[in-house]
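Down below is the structure, laid out as structure tokens.
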2 protein chains.
Amino acid sequence: MEEILREKNIKVTDTRKEILRILSESKSAISYNTIQEKTALKLDKVTVYRTLDTFENKGIIHSIPSEDGIKLYSFCKDDCHDHDHDDNHVHFNCEMCNTTVCLYHVDIPSVELPKGYYMHSSKLIVNGICPECR
Amino acid sequence: MEEILREKNIKVTDTRKEILRILSESKSAISYNTIQEKTALKLDKVTVYRTLDTFENKGIIHSIPSEDGIKLYSFCKDDCHDHDHDDNHVHFNCEMCNTTVCLYHVDIPSVELPKGYYMHSSKLIVNGICPECR
DNA sequence: CTGCTAAACGCAACTTGGTTTCATTAAAAA
DNA sequence: TTTTTAATGAAACCAAGTTGCGTTTAGCAG
Ligand SMILES: [Mn+2]
Ligand SMILES: [Mn+2]
Ligand SMILES: [Zn+2]
Ligand SMILES: [Zn+2]
């Protein structure tokens with residue numbers, strides 16, 4: 001776990017290790033609030049948000065906007081580098097349990113855009129019912 | 001314009017006509033703030049938000065979450081009814097001019113989900129460069 | 001091991017998009 | 001024209017996230 005931080009050349013601190021641990025143990029993408037719920041430590045709000053920003057910029061995690069506008073965070077599985085994420089997988093949001101998971105193995109299909117439009121990236125969020133809630 | 005309101009069985013008011021006018025004249029999806037910028041009337045914040053909610057619930061407009069978390073609103077072109085939108089088109093966000101447009105003619109492709117997942121709806125947002133900014 | 005320094009932290013205060021409450025007004029049906 | 005019900009508007013509120021700034025500390029050099 002600490003190795004991830006060392007690899008990315010950022011200082012190893014308790015807060016960072018803790019947030020990394022929580023993220024790594026989570027099966028779904030989680031919010032700032034969930035991180036606070038899951039920790040026994042006293043984590044400062046600003047530090048948590050800054051840590052998440054750092055992780056995202058370093059390509060350790062990526063963020064997904066939830067249905068209600070708040071940001072969810074999830075580990076990057078593929079090779080993501082500084083500011084260069086490779087996360088073109090589909091996200092699934094369950095309408096029952098209201099969790100969002102990364103479907104790392106489901107790629108976003110390419111679409112035919114009208115003339116003149118050029119794609120850099122895309123996000124596909126599928127809403128429905130997850131296996132657990134079925 | 002007023003006819004839309006009558007059809008949906010909601011009262012015809014100046015605020016509603018104005019917001020409807022601004023939305024109908026806009027080429028891209030717009031935010032609450034843009035509505036305030038484009039009106040000469042003094043529109044109350046609460047009323048505007050409530051109006052947008054009403055319009056969305058009635059199937060007159062639909063909302064798209066922008067990159068930075070705020071809600072954008074755009075006319076529904078197809079047959080949308082109360083709480084039953086039929087807006088499975090792609091949205092395009094231009095990274096240069098930072099506008100989001102509905103690509104009404106580009107359908108969201110279907111994806112093969114892992115076993116146990118059931119889809120109700122999906123949202124696909126493509127980021128890139130629009131024709132004007134090319 | 002001991003400084004040194006840039007990076008990280010932490011508190012308070014702030015910003016912002018959006019909502020709640022509740023009293024007042026007005027559209028439109030009777 | 002009256003009545004009813006939906007819509008409005010002002011104030012206060014809320015929650016997610018940010019800014020400013022002084023303090024601490026990880027990790028490197030000596
Ligand atoms: Mn993901
Ligand atoms: Mn649209
Ligand atoms: Zn579920
Ligand atoms: Zn553009």
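Values below: all heavy atoms of this structure, side chains included; hydrogens, waters and symmetry mates excluded. Protein chains get the first letters and strands the later ones, always in sequence-line order, with residue 1 at the start of each. Predicted model only: the values in this text are computed from it and were never measured.
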Exercise. Earliest and latest nucleotide of DNA chain C, 5' to 3', sitting under 4.0 Å from a non-hydrogen atom of chain B?
Worked result: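 Using the under 4.0 Å cut-off, the span is dG17(C) to dA28(C).
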
For this session: Output the distance between atom OG1 (T99(B)) and atom CD (E132(B)), rounded to the nearest 0.5 Å.
Result: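 Result: 7.5 Å between the selected atoms.
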
Problem set entry | Value rounded to 0.5 Å, distance of CG in L103(A) from NE2 in H91(A) |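 NE2 of H91(A) is found 8.0 Å from CG of L103(A).
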
For this session: Determine the minimum heavy-atom distance between F75(B) and L20(B), stating which atoms define it.
Result: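 Answer, listing the atom of F75(B) first, then L20(B): CE1-O, 3.8 Å.
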
Problem set entry | Nucleotide-resolved protein contact map, nucleotides 17-30 of chain D, B/S/- at heavy-atom distance under 4.0 Å | BBBB-----BS---

Problem set entry | Partners meeting side chain to side chain contact (heavy atoms under 4.5 Å, CB included) with E2(A) (sequence neighbours left out) |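 For E2(A) the side chain to side chain contact (heavy atoms under 4.5 Å, CB included) partners, ignoring immediate neighbours, are R6(A), V12(A), K17(A).
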
Exercise. What does T15(B) touch in the nucleic acid at a heavy-atom separation under 4.0 angstrom: a base, only the sugar-phosphate, or nothing?
Worked result: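 Sugar-phosphate contact only.
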
Exercise. Can you name the residues that form a side-chain hydrogen bond (donor to acceptor under 3.5 Å, both in side chains) with S74(A), not counting sequence neighbours?
Worked result: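 Applying side-chain hydrogen bond (donor to acceptor under 3.5 Å, both in side chains) to S74(A) gives Y104(A).
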
Please tabulate, for the side chains in residues 33-47 of chain B, all donor-acceptor contacts under 3.5 angstrom to protein atoms that are two or more places apart in sequence or on a different chain.
unit_1	atom_1	unit_2	atom_2	d
T34(B)	OG1	S31(B)	OG	3.1
Q36(B)	NE2	Y32(B)	OH	2.9
Q36(B)	NE2	L43(B)	O	3.0
T39(B)	OG1	E18(B)	OE2	2.6
T39(B)	OG1	L41(B)	N	3.1
D44(B)	OD2	V46(B)	N	3.0
D44(B)	OD2	T47(B)	N	3.3

For this session: Starting at atom CD1 of I30(A), determine the distance to atom P of dA16(D), rounded to an integer number of angstrom.
Result: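 Checked: the CD1 to P distance equals 14 Å.
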
For this session: Round to the nearest Å and state the distance from L5(B) atom CG to dA7(D) atom P.
Result: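 Atom-to-atom, L5(B) to dA7(D), this comes out as 10 Å.
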
What pairs of donor and acceptor atoms, side-chain ones from residues 112-125 of chain A against any protein atom, are under 3.5 angstrom apart with sequence neighbours left out?
unit_1	atom_1	unit_2	atom_2	d
H120(A)	ND1	E95(B)	OE1	2.5

For this session: Take R16(A) and T54(A) through the test side-chain contact (heavy atoms from CB on, under 4.5 Å) and record every step on the way to the result.
Result: CA-CA 10 Å; R16(A) 283 176 175 170; T54(A) 303; 4.3 Å; yes

